[in-house]
Amino acid sequence: MTPDKAADQLAALERELGPAGYVDFAVRFADAAATAYTQAPPPARIDLVKRGLTAVQRADQLDPENAAVLKRCAMLTGALAEVGSTIERPVLAHHFKDYMDQALKLTPNDHVLLHMRGRFVFHLVHLSYIERKAALMIGELPAASYELALVDLLRAYETEPTAIDNLLIIGKCYTQLKDYEKARNFLEQIAELEPNDATDEIYAEEATELLKSLPSS
């Protein structure tokens, strides 16, 4: 489907459903796009995410204080940033951070948002020279360190202590800080959990390998 045709369909739905109905539809459509992103082949999943993001960005214009809408804007923008080019990623990353910050003002204890922002800061530390230069052309980069990443990641852990992806990033932060005892503590918790899906299984395998690489206590 062409972008113009997709835009026409969304406009027709908005007229049919009205603002409140469209916002509800956009949230559900964004969730479906996020699920499909993990299952569809690369070209198709990028198209799905772009369509979902277009829908939910319009919902944000209609209801700018809607935390559920802002959360989906952040999720789909982040998904696009993961597969974007070196030039696209910095622009998407700035939008991603803005959406997360706005959503967390409305729902400060949302563990998914806290995890995403902590992971975002973690990845900022690892930007390549070219990516950092490209990002600085868009605007100032947020402050980034493993300690700052842990502020959000540990808050997410307090709210949802069994999230395998969050435990893994916490373990990676402590590994980089050479606090191997804390790294081991969080990584070992993953071994006690049942993965929810194939992605969790990959994270669990990564945690096992990272544990093996840690210096003996």
Side-chain angles (χ1 to χ4, degrees), residues 31 34-40 42 45 49 71-72 74-84 86 89-90 92-93 96-97 99-101 103-104 107-132 135 141-217:
D31 286 341
T35 300
Y37 173 79
T38 64
Q39 301 169 352
R45 70 184 185 186
V49 170
K71 181 176 181 177
R72 272 68 179 184
M75 290 170 61
L76 295 182
T77 304
L80 283 180
E82 289 179 0
V83 296
T86 301
R89 276 199 299 269
L92 291 166
F96 177 61
K97 177 71 162 48
Y99 285 131
M100 283 190 297
D101 289 346
L104 279 166
T107 53
N109 295 317
D110 187 307
H111 77 274
V112 173
L113 288 167
L114 288 166
H115 167 74
M116 287 198 300
R117 191 166 68 179
R119 185 178 64 186
F120 172 74
V121 174
F122 175 86
H123 286 304
L124 278 182
V125 181
H126 290 269
L127 283 180
S128 69
Y129 174 80
I130 293 175
E131 288 173 327
R132 191 171 297 277
L141 284 170
S145 68
Y146 299 117
E147 292 88 349
L148 281 174
L150 282 168
V151 172
D152 280 335
L153 295 169
L154 290 172
R155 283 180 61 202
Y157 173 75
E158 290 173 3
T159 306
E160 178 48 77
T162 62
I164 289 177
D165 54 350
N166 195 58
L167 289 166
L168 176 60
I169 297 290
I170 292 174
K172 287 181 175 182
C173 284
Y174 281 125
T175 299
Q176 293 295 329
L177 292 170
K178 295 183 168 50
D179 191 335
Y180 300 122
E181 182 178 352
K182 286 184 179 177
R184 187 173 286 104
N185 172 48
F186 283 97
L187 294 170
E188 286 177 344
Q189 291 180 48
I190 295 175
E192 301 171 3
L193 299 170
E194 187 70 28
N196 292 317
D197 51 33
T199 302
D200 272 356
E201 290 176 0
I202 293 171
Y203 290 148
E205 291 173 3
E206 188 176 351
T208 299
E209 292 304 310
L210 183 54
L211 267 172
K212 291 177 184 177
S213 71
L214 296 179
S216 301
S217 55

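Numbering of residues begins at 1 and proceeds along the displayed sequence.
A distance of 7.0 Å separates CD1 in Ile169 from CG in Leu153, rounded to the nearest 0.5 Å. Taking CZ of Arg184 as the reference point, atom CG of Asp179 lies at 10.5 Å (rounded to 0.5 Å). Rounded to the nearest 0.5 angstrom, Leu214 CG and Thr175 OG1 are separated by 5.0 Å. Separation of atoms CZ (Phe120) and CG (Leu124) is listed at 4.0 Å; rounding is to 0.5 Å. A distance of 12.0 Å separates CD in Glu188 from CG in Leu167, rounded to the nearest 0.5 Å.
Under the rule for a salt bridge (charged side-chain N to carboxylate O under 4.0 Å, His left out), the partners of Asp110 that lie at least two apart in sequence or sit in another chain are Lys71. Considering only residues two or more places apart in sequence or on other chains, Val49 meets the side-chain contact (heavy atoms from CB on, under 4.5 Å) condition with Tyr37, Leu76, Ala79, Leu80. Looking at residues two or more places apart in sequence or on another chain, you find a side-chain contact (heavy atoms from CB on, under 4.5 Å) between Asp31 and Val27, Arg72. Legend: residues meeting side-chain contact (heavy atoms from CB on, under 4.5 Å) with Ala103, ordered by chain and number and at least two apart, are Leu70, Leu113. Scanning for ring pair (Phe, Tyr, Trp, His ring centres under 6.0 Å) contacts around Tyr174 gives Phe186, with sequence neighbours left out. In this structure, the side-chain contact (heavy atoms from CB on, under 4.5 Å) partners of Glu147, at least two apart in sequence or on a different chain, are Ser145, Leu177. Residues satisfying the ring pair (Phe, Tyr, Trp, His ring centres under 6.0 Å) criterion with Tyr99, sequence neighbours excluded, are absent altogether.
Here the side chain of Asn166 pairs no donor or acceptor atom with the backbone of Pro161 at under 3.5 angstrom.
Two residues are said to be in side-chain contact when any heavy atoms from C-beta on lie closer than 4.5 Å; Phe96 and Met100 meet this criterion.
Applying the side-chain hydrogen bond (donor to acceptor under 3.5 Å, both in side chains) test between Tyr157 and each of Gln189, His115, His111 identifies Gln189 as the sole match.
Minimum interatomic distance between Pro195 and Leu193 (heavy atoms only, all atoms of both residues): CD-O, 3.5 Å. Between Ala149 and Gly118, the closest heavy-atom pair is CB-O, 3.4 Å.
The salt bridge (Lys or Arg N to Asp or Glu O under 4.0 Å) pairs that include a residue from residues 151-165 are Arg117-Asp152, Asp152-Arg155, where partners are two or more places apart or lie in different chains.
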Just list the side-chain donor-acceptor pairs under 3.5 Å for residues 203-211, sequence neighbours left out, or say none.
unit_1	atom_1	unit_2	atom_2	d
Glu206	OE2	Lys172	NZ	2.6
Thr208	OG1	Ala204	O	3.0
Glu209	OE2	Lys212	NZ	3.4

